[in-house]
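Predicted model only: the values in this text are computed from it and were never measured. Residue numbers start from 1 in every chain, and the chains themselves are labelled A, B, ... in the order their sequence lines are given, proteins ahead of strands.
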Amino acid sequence: MPKRIITSIQAIGHRVIDGIWRLGCAARFFVLVLLKSMTSFLRFTLVIREIYFVGVLSLIIILVSGLFVGMVLGLQGYETLQKYGSESAVGTLVALSLVRELGPVMSALLFASRAGSAITAEIGLMKATEQLSAMGMMAVDPIARIVAPRFWAGVISMPLLAAMFSVMGVFGGYLVAVVFIGVDEGSFWSSMQNAVDFRYDIVNGVIKSCFFGVAVTAIAVFEGFDAPPTAEGVSGATTRTVVTSALAILGLDFVLTSFMFRGVD
Amino acid sequence: MSEPLIEIKDLAFSYSARPILKSVNMTMSRGKVIAIMGGSGSGKTTLLRLIGGEVKPTAGCVKVAGQVVHKLGRNDLFRLRRKMGMLFQFGALFTDLSVFDNVAFQMREHTNLPESMIRDLVLMKLHAVGLRGAYHLMPAELSGGMARRVALARSIALDPMLIMYDEPFTGLDPISLSVIGSLIRRLTDALGMTSIVVTHDVQESLKIVDYVYFLADGVITAHGTPAEVKESVTPFVHQFVHGEEDGPVPFHYPAEMYQEDLRLETHFA
Amino acid sequence: MQRTIMDFWVGLFVMTGMGALLILGLKVGNLTTYNTGESYTLIGNFENIGGLKIRAPVKSAGVVVGRVTDIQFSLETYDAVVTVGINAYYRFPKDTFASILTSGLLGEQYIGLSPGGDEEMLAEGDKIMKTNSAMVLEEMVGRFLFDKAAED
Ligand SMILES: Nc1ncnc2c1ncn2[C@@H]1O[C@H](COP(=O)(O)OP(=O)(O)O)[C@@H](O)[C@H]1O
Ligand SMILES: [Mg+2]
């Protein structure tokens, strides 16, 4: 059935072209947001308001998850390391995994599902209820007034949340390894401090979370702004924010890791 | 003041390939309430969006106060829009702001008035629509009619020269409906503005407007004063004004032949 | 939501975040011991560096005195040129011995410095003349087997 083959090839082509076209739209939108960010900095109260919604309201989930991830790391790390008699290295294991990988990545994933989806839904609903059109007709640019403050709030909040996640994780690891199991406190901290380098591990982790913050919020605001103005449209866009963000975070993490932690150790 | 506020010449517009407006010609003079009537999907909202410069025409032009809207740059367009108000179909109030902040929105964005003066102005605007007592409510707490009145107060916040109302009567009870109707008339006269009312509520709008345009098939099929319209014998206008089911506007959306759609073979038919 | 309440929470949030970064730097990382003042570089040629990596510690008597900053292969002498940064506080005699050692049986490799007795001290850019390569397990095993075979 050559006709069927041709139509399926066409379908693939259609999808690819659509995808690339959307990517182009997203890139153009991203540039627009950056260009129209002046208002956000001149009227920083707009950004502060959004930091409250994306940052402060994400605190609970970030702190609690960080604590539990750290506790699990402490438990599993101890289980494995004590077989080789090096249970004091559990501090190193907990800290390095958190600061380099789990802190930035997990908190970005949580941030995408907690704050990213909320941003998409909010902007999408504002579009569906014609609030964005109304704003435009009032000679106020919705990208400058609505989108840019949310974007910057996300970009500012993400590294702070990631740092809090890591600190809670280290505390959780300390709790399990030192307080519950009884690993020597001194060697727990000193092995950690010997192994974790400020510039190499911590700064790179923070740089990662900055990238994730930009990626997640850029995706969230674009999906919201691009959502079809219907109920299904907004719900689909919200889902897409979480899925696309997760893929972007993990893909970006691989790329960044291979640039940052190559060869030298 | 004899120069018309809005001139629309041979305006055409299409979404991708689908023509919505083919050739629309209108002139609207200042200080009048003008109604644009037409069936759902005839492109009335689109026409308002064209006047507001939200979309660009495929041919022809819209002139507002002597300026061709789609030729304006971003800054000039925004300057023009400050003198325009638009009342969206469902109000489009900012759901995260209170009634007071909704009305104050444009004053805060576009002026440097002190907060005390903004307060007085907002309460005046709310008083004009009879909702001064509701300034502290959130939009979710308002009924449909109240939301539209707040939106009306918001669109007159900066005393515009033109307000466009997109179906202001839809979904309202008879009382709210006549409240909105008389508000439109009163505010137009009191503030010396021009109002464009898009509607298919014939009876209510004929009471308040000065002139009526009928939009169908992408062109203006008829126009006149309410008195002329009521007496009109043009089949379309007659059908519309008297709400008859079938006439020049067919009951059926254009479709293939019924038999073909139901896959009836010709020998069955 | 009241502006002031929101401002308060956001202020608290940002301060907590900054505090977390500070804790990461001071308590988890080695910011306190990092880059304490000046350092000077020394160069050493090693026949074989084994698994030595950039940033590996340089120790003397078990105390960390610096770090490996660069490792290159020399096209003139066909061996490894290792550059180390030594904390300016620590001075070593000219005839100091540098060896590549392993902490524990399978631990990370580091450079150990054993000071000699020279009056003159090593200074910025100087070359450590006496070096000792890494012990490579395979070579050791190979030599052991060779010796065994020779005995028989
Ligand atoms: N964004 C859009 N994309 C494509 N078609 C649209 C869009 N908006 C409206 N339309 C179509 O244009 C036609 C006119 O719409 P509209 O101006 O909203 O009609 P009215 O307000 O008179 O009911 C409708 O048939 C509608 O399907
Ligand atoms: Mg409409």
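When the shell of 6.0 Å around OH of Tyr211(B) is examined, it contains more than 12 heavy atoms from other residues, nucleotides or ligands. Residue Ile60(A) places its CD1 atom among 12 or fewer non-hydrogen atoms of other residues, nucleotides or ligands, all under 6.0 Å distant. By the 6.0 Å contact criterion, CZ on Phe211(A) is open, its count of non-hydrogen atoms from other residues, nucleotides or ligands being 12 or less. Within a 6.0 Å sphere centred on CZ of Phe68(A), other residues, nucleotides and ligands contribute 12 heavy atoms or fewer. The local environment of NE2 in His70(B) is crowded, with over 12 non-hydrogen atoms from other residues, nucleotides or ligands closer than 6.0 Å. When the shell of 6.0 Å around CE of Met138(B) is examined, it contains more than 12 heavy atoms from other residues, nucleotides or ligands. In this structure, Arg22(A) places its CZ atom where more than 12 heavy-atom neighbours from other residues, nucleotides or ligands lie under 6.0 Å away. Within a 6.0 Å radius of OH in Tyr135(B), no more than 12 heavy atoms belonging to other residues, nucleotides or ligands are found.
Between atom CG of residue Leu132(A) and atom CZ of residue Phe94(B) there is a gap of 8.5 Å, rounded to the nearest 0.5 Å. Taking CG from Asp96(B) and CG from Leu125(A), the interatomic distance works out to 11.5 Å, rounded to the nearest 0.5 Å. Note that the CG atom of Leu93(B) and the OG1 atom of Thr129(A) stand 9.5 Å from one another [nearest 0.5 Å].
The closest side-chain heavy-atom distance from Ser133(A) to Met86(B) is not below 4.5 Å. A heavy-atom distance below 4.5 Å is not found between the side chains of Leu87(B) and Met137(A). In this structure, Arg82(B) and Met138(A) have side chains that are not in contact, with every pair of non-hydrogen atoms separated by 4.5 Å or more. Put simply, the side chain of Glu109(B) reaches to within 4.5 Å of the side chain of Arg43(A), judged on heavy atoms. Looking at heavy atoms from C-beta onward, Gln131(A) lies out of side-chain contact with Phe88(B) at the 4.5 angstrom threshold.
The side-chain contact (heavy atoms from CB on, under 4.5 Å) test with Val140(A) singles out one residue from Arg108(B), Arg81(B), His110(B), Gln106(B), and that residue is His110(B).
Residue contact with chain A, scored on non-hydrogen atoms closer than 4.5 Å, is absent for Arg79(B). If you measure heavy-atom distances from Thr39(A) to chain B, you find no contacts under 4.5 Å at all. Leu80(B) does not touch chain A: none of its heavy atoms, backbone or side chain, sits under 4.5 Å away.
The residue among Met164(B), Arg74(B), Met84(B) with the most heavy atom pairs within less than 4.5 Å of chain A is Arg74(B).
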